[in-house]
Amino acid sequence: MDLKLDEQQLDMIQSMREYGMSTFTIENVLQWREDQGLPDDVVQEFARRYFSLPASNASQGSFSQSLLNQALIIEELSRCAGCALPFQNDLFELHIMAGFASDNDFSTVINDFRTTGRVMFALAVSEPQAGSDTQNMSTSVRTENGKLVLNGVKTFVNNGEYAPNILVAAIDEDAPSDVRHPALSFWFIPRNLKGITAYPINKIGQSMLPFATVAFENVELKPEYRLTGPNATAGFPHLFSLLERGRIFTCASSLGMAQAAMEDAVRYANKRKAFGTPIGEFQQIEQMLTDMEIHLWNMRNLLYSAASKADEDAPDKRLAIALMKRYIPAAATQVASDAMQILGGIGYTERERVSHIWKDCRGNQLAEGTDQIMVYIAAPLIRNKYAD
């Protein structure tokens with residue numbers, strides 16, 4: 001794909017690069033990974049820069065930016081930091097909220113994000129026994145003795161221990177299901193309600209994203225907690241379309257981190273000498289760098305193409321996004337692994353960011369639908385494409 005970025009996009013990237021390079025130093029990133037999050041001033045500065053950008057897509061409403069522009073932002077900041085950042089999760093969670101909430105409810109959330117730089121809720125969709133099969137969720141809301149009661153368990157809830165509110169996806173057992181899908185509802189509930197318990201998940205990577213398993217046991221809900229926007233009853237098909245935006249952001253993060261790993265590998269290969277020669281001149285290293293660069297070109301083309309198709313609502317956007325998610329996180333993991341190999345023993349240490357990049361990219365092969373689920377989505381679309 002021959003996508004030429006316009007001047008406004010280049011200025012946007014430059015603004016994020018200035019912010020990223022000055023903020024995400026190696027020392028800061030190491031500290032914030034240990035802290036499992038970013039300081040207030042860092043997230044506030046991100047929000048300030050984001051909302052000061054010229055609007056690029058009116059259809060994104062309060063987001064003001066196209067999916068491609070949001071992907072460019074995530075890519076650049078992930079490159080600067082060399083790790084998975086909260087921003088891609090924040091933007092994705094806001095998309096889910098915007099997709100099901102009323103304008104008034106969403107305005108409250110987006111205005112708070114504009115001021116604080118933090119999303120005022122944790123998104124609870126995934127479940128331990130459902131995984132990528134979102135439609136197989138069992139968390140439910142039903143009326144019992146005249147009261148709305150929520151029961152179930154959600155997992156990989158970002159900020160599930162700390163956010164003041166939780167946005168919960170649940171089966172509405174009071175509503176009739178259609179032929180293909182159970183009735184889906186979203187509830188924006190205070191985190192401190194009786195019956196809510198959160199347990200931290202200790203991951204091997206993505207340390208700035210503190211995930212938790214959240215259990216709901218006979219949690220009594222008020223009717224006003226339910227999201228009632230224009231698409232609130234659109235159910236699983238609408239959720240599936242919004243999940244594709246999360247895949248774009250995940251791939252943008254993977255691309256940015258892979259680019260950082262490549263830059264570290266080239267820098268090291270140029271200065272490290274063995275037998276009196278820079279190792280970058282060894283044929284084996286040259287081949288690795290060449291293959292890594294091919295991966296980066298392919299990753300960037302797939303990401304930009306899929307994001308553009310999503311912005312345009314192109315007929316083949318779903319296939320483009322599935323192919324993108326199938327390829328990019330795995331390719332990014334390979335680039336990071338090759339970068340570690342080039343750095344040798346030092347690349348296997350906590351001090352060098354390529355080791356963290358590898359772990360974070362590997363996690364993205366599971367996030368927002370695994371590599372294998374993308375085949376499940378893409379293959380029928382490919383068969384239909386070539387049916388004639």
Practice item. Check whether any side-chain N or O of Gln9 sits under 3.5 Å from a backbone N or O of Asp6 as a donor-acceptor pair, and report yes or no. Key: yes
Review point. Between Arg48 and Glu45, is there a side-chain N and carboxylate O pair less than 4.0 Å apart?
Key: yes
Review point. Charged N to carboxylate O under 4.0 angstrom, Arg79 versus Glu76?
Key: yes
Check your understanding: Within the side chain of Thr115, is there an N or O that forms a donor-acceptor pair under 3.5 Å with the backbone of Asn111?
Key -> yes
Review point. Between Arg118 and Asp90, does at least one N-O distance fall below 4.0 Å, as a salt bridge requires?
Key: no
Exercise for review: Look at the rings of Phe87 and Phe24 and say which category their plane angle falls in: under 30° parallel, 30 to 60° tilted, over 60° perpendicular.
Suggested key: perpendicular
Review point. Quick one: do Glu368 and Arg245 make a salt bridge, cutoff under 4.0 Å?
Key: no
Exercise for review: Please work out which of the three classes, parallel, tilted or perpendicular, describes the rings of His95 and Phe249, given edges at 30° and 60°.
Suggested key: tilted
Point to revise | Any donor-acceptor N/O pair, Lys154 side chain to Val214 backbone, under 3.5 Å | key: no
**Study point:** Glu75/Arg300 salt bridge by N-O under 4.0 Å criterion
**Key:** yes
Check your understanding: Is it true that a side-chain atom of Lys325 and a backbone atom of Gly369 form a donor plus acceptor pair closer than 3.5 Å?
Key -> yes
Check your understanding: What do you reckon, are the aromatic ring centroids of Phe156 and Phe211 less than 6.0 Å apart?
Key -> yes
Point to revise | Lys222 side chain to Ile189 backbone, donor-acceptor under 3.5 Å | key: no
**Study point:** Asp360/Arg33 ion pair, N-O < 4.0 Å
**Key:** yes
